[in-house]
Q: 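Below is one structure. I have some questions about it.
If you're wondering where the values come from, they're calculated on a predicted model, not measured in any experiment. Chain naming here is simple, since letters A, B, ... match the order of the sequence lines and numbering starts at 1 in each.
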Amino acid sequence: MVEKTFRSRFRTEVDGSDAPPGADHHIFIGPQHPWAEEPAHFIIHLKGERVVEADIRIGFNFRGMEKAMEARTWRQNTMLVPRACGICSAVHQNVYVRVVDRLAGVEDQISERARLIRMFSLEAERIHSHMLWYGILAHDAGFDTMLHISWRDREIIMDIVEDFSGNRVNPSLMLPGGVKRDISKEKADKAKPLLGELTKKVEYHKKVFVEEASIRNRLEDVGVLSKDDAKKTSPNGPTGRASGLPFDIRKSYPYELYDELDWKLVYYTEGDVLATTLVRIDETLESLQMCKQILDKLETSKGEILARVRPRIPAGEYMTRGEAPRGEDIHYGIANGTDKPERYKIRAPSLGNIDATLKRMDGEYIADMPVILRSYDPCFSCTNRVMIVNDTTGEKMIIGQDEFAQKAIKAKKYNRPFF
Amino acid sequence: MKLGIIKEVFKNVFTKPMTLLFPFERLEIPERNRGEHSFDIDTCISCGACARICPNLALEMIEAPPEMKEKYPKTYPQIDIGKCCFCGLCEDTCPKGSIKLTTNVFLATFDKDDTVRSPMSWNK
């Protein structure tokens, strides 16, 4: 029984020969589908109108970013890493610069002010990512009014980020050794009332999700992931926190200055899609008050915003992680004494949540699929680092990451095609 | 809260639209925006730091054309805007502040060759 329940769902046959017994229909969603903005292939096995089991295939958006990083210097990679994800660019950059800070040995030279600015960028990103997400969720649930309301109000935080950094979704504020740009007092004073205004609006959004019957009935008791199932499938981030796993890297293993701020961990125990929504809305409110605290602290904090980091990073390796809006973001870097990384590995948060989401679908109606699939905030542009490669000759080929790297090195060395 | 969301809808009917009629009215772009580069050739010391740090190899150090060779004997950066990712590393690394990113974001061209700016023709 155990084997059947937890077989690997990343692998499925094209002809449906490994479909679960009892399924009479198979619905294929993606990689190109009006529901999804990003390419993922879901195979949903149905009996009548109920889902028996669901499978996924990813890897349609693989960009070879880790390989590209090996050809660039550490400093240049600071601008490549945020491109891993369209929405959570600052958190990727933050985790990357923390890896470089540790490897270069400048971790203790980073001033309080630089750390506060980094944290502001991270929290602002969490706010706009969550607001974007629950707008799309409402859109998937057929509640387009909420989509327009939440995206309209999201412009407030986008304007603040643009004012501070110069770009809406790709602030690129961080550099190894500190931050690029300072937040002056005038800019902070301009942003504070806007944050207060946004707090009121997000509170209103929460009221809509909790009290409006049309959206609440659509989300409540849909796709329940119990705490036991959550422990087995180990989701991270808001997906786990909605199922009663109170785990947040910011609280459990504080980085930057998260232990000095006053904030509380949000978690729900219901495990349905409504709980994942409320976790994110509450986190948005929590992040908003954290942003206000950071701006208050910035008034008194002093220090150089950028410490000097030599281009050559001494040999060593380090792994660290951060709390992205979607979950846990893990980076692992190996330095070899030159100015370029020997190897760099990114584990993006959506990958850890896929198994839990597939578990969520078991026994649900096919009509609830869009909201359940949306529930873990899929982001495949950053997830597709796992390589399941189909050969062009029709022969199926599944290779691991090390093998891929070896093949790539050989292909370059002997100047021959990859396969 | 039976009428909650409906109230919001009616409120929006009587407010001004969020969108602007673009060519006639436009949003103010913040001064920190990373847009088109400006380059001051007279302060450039031809160190080549910008070309070395550019992640996309959009900057290239080239020599001045023969008629201007006397005034500008060294090599100067030429940029391909089509390759640029507007990260701003060249601006940060320039020791003399010759390169700056401006707020001009209207960079679309009809011809692909127009994206290349020679050091003489960069706007100042």
Q: In terms of heavy-atom proximity below 4.5 Å to chain B, should A:Thr73 be classed as side chain, backbone, both, or neither?
A: neither
Q: Sort A:Arg72 into side chain, backbone, both or neither according to what part of it lies under 4.5 angstrom from a heavy atom of chain B.
A: side chain
Q: Any side-chain donor-acceptor pair under 3.5 Å between A:Ser172 and A:Asn170?
A: yes
Q: Using heavy-atom distances under 4.5 Å, tell me whether B:Glu91 contacts chain A through its side chain, its backbone, both, or neither.
A: side chain
Q: Look at A:Ser214, A:Ser165, A:Pro311 and state which one has the largest set of heavy-atom pairs under 4.5 Å with chain B.
A: A:Ser165
Q: Would you sort out whether B:Ser98 and B:Asp40 count as a side-chain hydrogen bond (donor to acceptor under 3.5 Å, both in side chains), showing the intermediate values?
A: CA-CA 5 Å; B:Ser98 301; B:Asp40 188 356; over 6 Å; no
Q: Should the ring pair A:Tyr134 and A:Phe209 be called parallel, tilted or perpendicular, given that the plane angle runs from 0 to 90° and is split at 30 and 60?
A: perpendicular
Q: What part of A:Leu306 gets closer than 4.5 Å to chain B, counting heavy atoms only: side chain, backbone, both or neither?
A: neither
Q: Is a donor from one side chain sitting under 3.5 angstrom from an acceptor on the other, for B:Thr75 and B:Ser46?
A: no
Q: Just say parallel, tilted or perpendicular for the rings of A:Trp74 and A:Tyr344, cut-offs at 30° and 60°.
A: perpendicular
